Amino acid sequence: MLVIGLMSGTSLDGIDACLVELHGVGRHVRHQVLRFETFPWPAGLREQLVRQLDPEAARLPALAALHYELAEAFAAAALRCADGRTVDLIGSHGHTLWHGPGMTLQLGSPSLIAARTGVTTVGDFRAADVAHGGQGAPLVPYADRLLFGHRPGPIALQNLGGIGNVTWLGDTLLAFDTGPGNMVMDGLMERLTGATFDRDGALARQGTVNDALLAWLKADDEAYMATPPPKSTGRERYGAPYVEALVAKGRDLGLGDADLVATATAFTAYTVIDQYRRWLPGAPREVIVSGGGTRNPVLMEALQRELPVITTADAGVDPDAKEALAFALLAYQCVMGEINVEIGATGAREAAVLGQIAPGRNFARVVLRQAAAADVVTEGVNPESVGLDALPTEAMVAVMHAQDYAAVQAVEGAQGAIAAAVDDIAARLADGGRLFYVGAGTSGRLGVLDASECPPTFSSDPATVQGLMAGGDRALREAVEGAEDDRAAGAADLLARGLGPKDYVVGISANGGAPYVQGALAAAQQAGAGTGLITCNGVRPGLVQPDHAIVLPVGPEVLAGSTRLKAGTATKLALNMLSTLAMVRLGKVHDNLMVDVRISNRKLQARAERLVGRLTGLAAEPAATLLAAAGGSVKRAAVMHHAGVDAAKADALLAESRGFLRPWLGMKPS
């Protein structure tokens with residue numbers, strides 16, 4: 001989808017508009033920013049807005065009019081940002097009129113934006129979180145995790161807009177408003193000089209930080225600083241009355257304009273540093289800063305003296321565009337029906353889908369795109385292979401080879417989920433359970449292949465790892481029409497094998513929603529078995545939520561929809577890890593040697609003899625003799641040699657160590 005995010009922050013420096021292309025669903029959305037621009041306020045509109053932000057001066061008729069005038073400005077900014085492109089969706093933050101505990105109000109009618117642009121618009125994001133007991137802020141942490149969660153942590157994402165807010169990404173997520181961002185500095189500049197901000201920190205650079213005023217600011221703000229997260233703040237605290245009090249105190253101390261701005265800048269940096277020390281779980285590896293404050297070198301220098309600061313530009317995201325991009329992401333997830341808030345940041349009782357949808361003239365197209373969202377990643381057209389049929393053969397090979405790297409990269413991002421699944425599988429197999437792979441088409445064939453290779457590789461019982469294929473064995477060689485769509489068959493095929501709570505079922509489905517696979521997973525959960533899902537898309541709401549979701553976002557295939565390519569490669573890599581490492585955990589591997597190999601041909605006979613020689617130090621002929629005496633078991637032969645025992649005693653020792661060979665190597669015969 002092409003989505004525009006609109007943001008009008010508390011700094012009132014214009015309307016940020018970010019055009020972004022989004023693919024995928026859930027936590028696995030991929031983005032590409034196509035355009036970002038900050039559009040100035042229409043003449044007189046900013047001044048109207050400033051007047052209505054004063055609770056004493058606000059008037060209901062003016063507020064109602066402003067609700068629609070702002071929307072007109074937002075719609076105009078969206079159209080200019082689109083620049084003739086056909087946009088699918090707009091996410092508009094609106095402008096916050098008032099924000100406090102248990103209440104929030106944003107101006108800028110989403111319905112008017114949809115009417116003027118013809119584009120379905122999502123707005124009023126904060127209201128649903130407040131309705132669920134949250135503060136309605138901060139909302140950006142959800143996008144922070146999507147955009148930066150892949151970076152090694154712990155990291156702090158610090159936004160310096162009108163208000164400062166931080167997202168901590170470590171073992172846990174924490175987010176809250178740190179205090180003023182640019183608001184106090186900008187308010188002072190407008191009050192003292194008529195300028196809207198301190199360009200390049202020039203006035204602050206001319207001044208001197210006044211310790212007495214800084215101490216007064218710290219003491220005055222201690223109530224907020226000492227409040228533990230979740231917490232949020234805004235113009236209701238740091239607006240015009242705050243600035244007036246600051247100017248009055250500064251004048252009492254005999255301070256000029258430059259000293260006032262220098263002290264306010266130092267205070268802003270202090271609030272960030274103080275809040276990190278009080279409330280973050282530890283020291284961040286890096287602090288990634290975004291927002292207009294990144295363009296104030298005096299503020300950035302103050303932060304860099306105490307913190308390992310970089311900007312989001314160093315991490316691949318425009319610091320000015322980040323918040324508009326965030327609301328494009330929130331809008332996209334809203335129409336996809338995805339939870340799009342981190343409730344640990346807002347304090348809500350439960351997570352919700354935030355945003356109210358105002359249908360535009362394109363709403364039917366949006367609904368169709370939403371319905372197809374699960375297939376966008378794997379069924380989409382790959383721009384890198386357009387014109388494939390017209391290329392020379394060597395060029396075609398190069399295109400396919402370049403795309404295959406995505407399979408390895410996808411598995412790299414899924415390592416944690418794979419490891420968790422391996423541990424669960426191994427524990428269940430050790431307790432007498434079984435591993436079932438369930439799939440259809442290419443996915444099913446890959447599962448059957450992996451299962452069939454376990455007995456010769458690890459001498460496992462053929463019943464230990466089983467592959468179930470939609471359409472049965474016939475479907476291994478030819479397509480069986482309708483087999484993938486038979487949800488009941490997926491459940492029945494599993495239940496026919498006596499599925500129980502000790503077992504583990506891995507569903508394999510490139511798009512994640514094959515009915516045969518879903519039926520099997522539902523039956524597995526009802527039976528108390530463990531469940532995993534290997535998919536190249538996210539796990540969508542309304543489908544079975546597995547214990548372990550192994551998501552491999554390889555992107556669209558070289559041949560649109562042919563998931564036997566990158567998707568199949570990534571799936572095979574994941575299956576290799578699940579079965580191999582589970583068997584390692586069961587003692588069927590010593591060091592990196594297949595010591596439980598089953599001898600079924602001359603090649604494997606020679607391999608087994610070499611393994612015995614490696615484990616015992618014997619030459620080829622005595623190693624072969626020992627292997628024969630051990631009945632062809634490499635592990636039994638090694639224990640017989642190291643412990644100086646016969647085959648029966650070797651089996652008893654291996655049973656004592658649960659099949660692990662390591663305890664018996666290096667023993668001295670008694």
Side-chain angles (χ1 to χ4, degrees), residues 8-14 41 45-58 95-100 107 137 159-165 177-225 227 231-272 274-275 291-293 295-296 298-299 302-303:
S8 164
T10 49
S11 56
L12 290 171
D13 51 4
W41 292 103
L45 184 57
R46 183 180 185 275
E47 290 69 25
Q48 293 180 50
L49 182 55
V50 170
R51 283 195 297 273
Q52 297 308 312
L53 290 172
D54 181 353
E56 302 301 322
H95 193 90
T96 298
L97 179 69
W98 189 260
H99 186 82
L107 298 182
N159 180 56
L160 292 173
I163 294 296
N165 54 70
D177 287 351
T178 54
N182 303 308
M183 183 175 288
V184 174
M185 297 181 295
D186 290 353
L188 274 175
M189 289 297 296
E190 192 157 10
R191 166 69 172 76
L192 300 173
T193 71
T196 55
F197 66 98
D198 185 13
R199 185 178 297 275
D200 298 325
L203 190 57
R205 186 84 71 190
Q206 297 172 28
T208 301
V209 176
N210 182 273
D211 291 338
L213 181 58
L214 183 60
W216 179 81
L217 287 167
K218 292 178 181 179
D220 183 65
D221 226 36
E222 179 60 21
Y224 182 78
M225 297 291 110
T227 300
K231 61 180 179 176
S232 59
T233 189
R235 188 170 295 277
E236 70 281 356
R237 169 158 185 79
Y238 297 108
Y242 186 93
V243 170
E244 286 299 329
L246 172 56
V247 171
K249 182 66 177 177
R251 297 305 191 218
D252 287 345
L253 294 169
L255 303 182
D257 293 355
D259 293 342
L260 279 170
V261 175
T263 306
T265 304
F267 173 66
T268 301
Y270 157 79
T271 60
V272 174
D274 172 81
Q275 292 296 277
R295 299 193 301 274
N296 185 327
V298 177
L299 176 59
L303 293 173

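Model, not experiment: these values are computed from the prediction. Worth knowing before you read on, the calculation uses all heavy atoms, side chains too, and leaves out hydrogens, waters and symmetry mates.
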Review point. Considering only heavy atoms from C-beta outward, does the side chain of Leu260 approach that of Leu213 to under 4.5 Å?
Key: yes
Check your understanding: Do you know the tightest heavy-atom contact between Ala262 and Gly207?
Key -> CB-C, 3.8 Å
Practice item. State which residues pass side-chain contact (heavy atoms from CB on, under 4.5 Å) with Ala258; sequence neighbours excluded, sorted by chain then number. Key: Leu203, Gln206
Check your understanding: Roughly how far, to the nearest 0.5 Å, is CG of Asn210 from CG of Leu253?
Key -> 5.5 Å
Check your understanding: Looking only at heavy atoms, which two atoms of Met189 and Asp198 are closest? And how far apart?
Key -> CG-N, 3.6 Å
Point to revise | Non-hydrogen atoms of Asn165 and Asp177 that approach each other most closely | key: CB-OD1, 3.2 Å
Point to revise | Exam field: side chain Asn159 to backbone Gly164, donor-acceptor pair closer than 3.5 Å | key: no
Exercise for review: Take Val243 and Glu190, measure what side chain to side chain contact (heavy atoms under 4.5 Å, CB included) needs, and give me the verdict at the end.
Suggested key: CA-CA 10 Å; Val243 170; Glu190 192 157 10; over 6 Å; no
Practice item. Answer yes or no: is there a side-chain heavy-atom contact under 4.5 Å between Arg46 and Thr196? Key: yes
Point to revise | Rounded distance (nearest 0.5 Å) linking atom CE of Met183 with atom OG1 of Thr233 | key: 8.0 Å
Exercise for review: Given side chain to side chain contact (heavy atoms under 4.5 Å, CB included), test Leu188 with Leu246 step by step and report yes or no.
Suggested key: CA-CA 9 Å; Leu188 274 175; Leu246 172 56; 3.6 Å; yes
Exercise for review: Could you tell me which non-hydrogen atom of Thr265 sits nearest to which non-hydrogen atom of Ala204, and how far apart they are?
Suggested key: OG1-CB, 3.7 Å
Exercise for review: Search all heavy atoms of Thr268 against all heavy atoms of Met185 and return the closest pair with its distance.
Suggested key: OG1-CG, 4.0 Å
Review point. Hey, are the side chains of Leu160 and Val272 touching, using non-hydrogen atoms and a 4.5 Å cut-off?
Key: yes
Check your understanding: Which residues satisfy the side-chain contact (heavy atoms from CB on, under 4.5 Å) test with Asp221, sequence neighbours excluded?
Key -> Met225, Arg237, Tyr238, Tyr242, Phe267, Thr271
Revision key, fill the gap. Those residues at least two apart in sequence (or on a different chain) that pass side-chain contact (heavy atoms from CB on, under 4.5 Å) with Ala215 are none
Point to revise | Arg251 bridged to Asp257 by N-O distance under 4.0 Å | key: yes
Point to revise | Over all atoms of both residues, closest heavy-atom pair of Gly14 and Trp41 | key: N-NE1, 3.3 Å
